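Below: one structure, written as structure tokens.
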Amino acid sequence: MRLLGVDLARSIALLGMMITHIIPLDDPDPTWATLFAGRSSALFAVLAGVSVVLSTRRLLSVPGPRAWLAAASGLWVRGAVIFVLGLLLATLGSSVAVILANYGLMFIVASFLLRLPRLALGILAPVWLIATPFLSHALRTGQGLHPSYDVPDVFMLADPGLLLTELSITGYYPVLQWMGFVLLGMCIARLNWTSRSLWTGLAFIGSAVAALTLFASSLLLTMGGRAVLEAELASGADPFGSELEYLLAVGSYGTTPPGSWWWLVIAGPHSATPLDLLHTSGVAVAVLAVCMLAARGPALRWLAPFIATGAMPLSIYTVHVIGVEITEALLPPLAGLAVHIVAALVFATVWVRFVSPRGPLEWPLGLLVARVRAGLLPTPPASRA
């Protein structure tokens, strides 16, 4: 049985990413679309952690290493397919910073954490979100690694070291830090999903964390961080020539420049600092909680197109990435965005109603995962006569 609130939240993540991919974010004054920058993709990653647990919990209810191997192998296959698809989409030369290769790698890493208990995940997730930006900053400063806007594609397979560095440390969605989102989603998926009070509480907690982290970032910047960072940018610390206000409102390129530790107090989109990760985590938790509450209410019938869209994220995202270049060449941004959103909602609704509850890419991928798992499932004990 599908959890409709998860599908609804996933559709919000998808539509939010469409907005940031199509509406220009680099105007002299930040646009309304910057509200979705960084937050939509973080929600997507948190929901990846949720789906990791939901898709394996039946298998993991069986004790023993073979049950884990069956569950993990399904994630390996899913992750590998998504990884390759992400490289192929990036090779098309789209202007979109494709997340799928990073997403697939996170599925593979998450497979080794499936047996962690809820308490361990609840402790590890916030520690990961806070600690890994410090580790990344130390590594990048020590090696002189700057943020990179090169989206990993199939040609990078010729240099595995560069590909791994792009995916895990210097790229737009650094797996080193972003695994914290997946851990958070895995922890949430282990909670009591039938409790309405749980989702009400998480909505308030997520909103409070999101607000407090922005306040903390602003306070720390006024305590000396702003002057230091503006001086670094003036000296050419950022290879893209960005200004601090741009980085705070519109976003970085996945990480901050190496250098001063003051970089870790900003909370701009895609900066992957502790405050950015905590802020976007709070937003993701609040959005998921509201969606879980909404999926139980009387408005459910009106949300059906969005729920259908969220049920096939891989299909919708893939078609969207391919179509961005076409609509950008033919239509102004708002019209192009409308085409992408309406097409996604209509196609998903029709497909779910008349073809299958799984999308055109999710369908064969699900069959492949099921076949791999079937060959590794624990053999049930023979019944006694």
Side-chain angles (χ1 to χ4, degrees), residues 1-7 9-10 44-89 99-118 120-121 157 175 179 182-183 185-191 193-194 307-319 348 351-385:
M1 179 179 179
R2 296 193 67 91
L3 290 169
L4 302 184
V6 175
D7 288 337
R10 198 178 284 118
F44 204 51
V46 171
L47 294 172
V50 172
S51 65
V52 162
V53 172
L54 297 183
S55 64
T56 58
R57 61 183 177 182
R58 181 181 62 83
L59 287 172
L60 294 176
S61 65
V62 179
R66 287 192 65 187
W68 172 84
L69 183 59
S73 65
L75 292 178
W76 297 339
V77 171
R78 189 181 304 276
V81 170
I82 293 174
F83 178 84
V84 172
L85 179 59
L87 296 182
L88 291 173
L89 287 175
I99 194 176
L100 293 185
N102 310 69
Y103 197 66
L105 184 57
M106 287 188 280
F107 268 109
I108 295 171
V109 174
S111 68
F112 298 98
L113 307 172
L114 287 174
R115 290 290 193 188
L116 283 181
R118 182 176 64 187
L121 288 169
L157 291 171
V175 172
M179 270 304 300
V182 177
L183 291 169
M186 293 175 68
C187 178
I188 292 173
R190 300 278 186 85
L191 301 176
W193 285 57
T194 62
I307 292 172
T309 300
M312 54 184 74
L314 187 61
S315 300
I316 297 298
Y317 183 87
T318 299
V319 175
W351 182 275
V352 167
R353 182 173 178 82
F354 297 105
V355 182
S356 169
R358 291 184 173 182
L361 291 181
E362 287 80 2
W363 193 1
L365 179 56
L367 293 176
L368 177 60
V369 168
R371 177 165 296 187
V372 171
R373 284 178 172 177
L376 297 169
L377 289 174
T379 304
S383 58
R384 296 181 179 178

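Quantities reported herein were computed from a predicted structural model and do not represent experimental measurements. Position 1 is the first residue of the sequence, and the numbers go up from there.
Side-chain atoms of Y317 come within 3.5 Å of backbone atoms of I99 as a donor-acceptor pair (strictly under, hydrogens ignored). Under a 3.5 Å cut-off, the side chain of W68 and the backbone N or O of S111 do form a donor-acceptor pair. Side-chain atoms of W351 never come within 3.5 Å of backbone atoms of T309 as a donor-acceptor pair (strictly under, hydrogens ignored). R115 contributes a side-chain N or O that, together with a main-chain N or O of L60, makes up a donor-acceptor pair within less than 3.5 Å.
Two residues are said to be in side-chain contact when any heavy atoms from C-beta on lie closer than 4.5 Å; S315 and W363 fail this criterion. Here the side chains of L75 and L114 are in contact, with some heavy-atom distance below 4.5 Å. Here the side chains of W76 and V372 are not in contact, with every heavy-atom distance at 4.5 Å or above. Using a 4.5 Å cut-off on side-chain heavy atoms (C-beta onward), R373 and T56 make contact.
Minimum heavy-atom separation, R10 to P313: CD-CG, 3.2 Å. Closest non-hydrogen pair, V352 versus M312, comes out as CG2-CE, 3.7 Å. Residues L113 and M179 share a closest heavy-atom pair of CD1-CE, 4.2 Å. Between I82 and Y103 the shortest heavy-atom distance is CG2-CD2, 4.0 Å. Closest non-hydrogen pair, L121 versus C187, comes out as CB-CB, 3.8 Å. Nearest heavy atoms, R190 versus R118: O-NH1, 3.3 Å.
Taking CD1 from I307 and CG from L3, the interatomic distance works out to 11.0 Å, rounded to the nearest 0.5 Å. Atoms CD1 and CG, from I188 and L54 in turn, are 11.0 Å apart once rounded to the nearest 0.5 Å.
Atom CH2 of W193 has more than 12 neighbouring heavy atoms from other residues, nucleotides or ligands inside a 6.0 Å radius.
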Practice problem: Could you check L85 against L361 for side-chain contact (heavy atoms from CB on, under 4.5 Å), going step by step and ending with a plain yes or no? | Solution: CA-CA 11 Å; L85 179 59; L361 291 181; 4.3 Å; yes
Practice problem: Could you walk me through whether L314 and L100 pass side-chain contact (heavy atoms from CB on, under 4.5 Å), step by step? | Solution: CA-CA 9 Å; L314 187 61; L100 293 185; 4.0 Å; yes
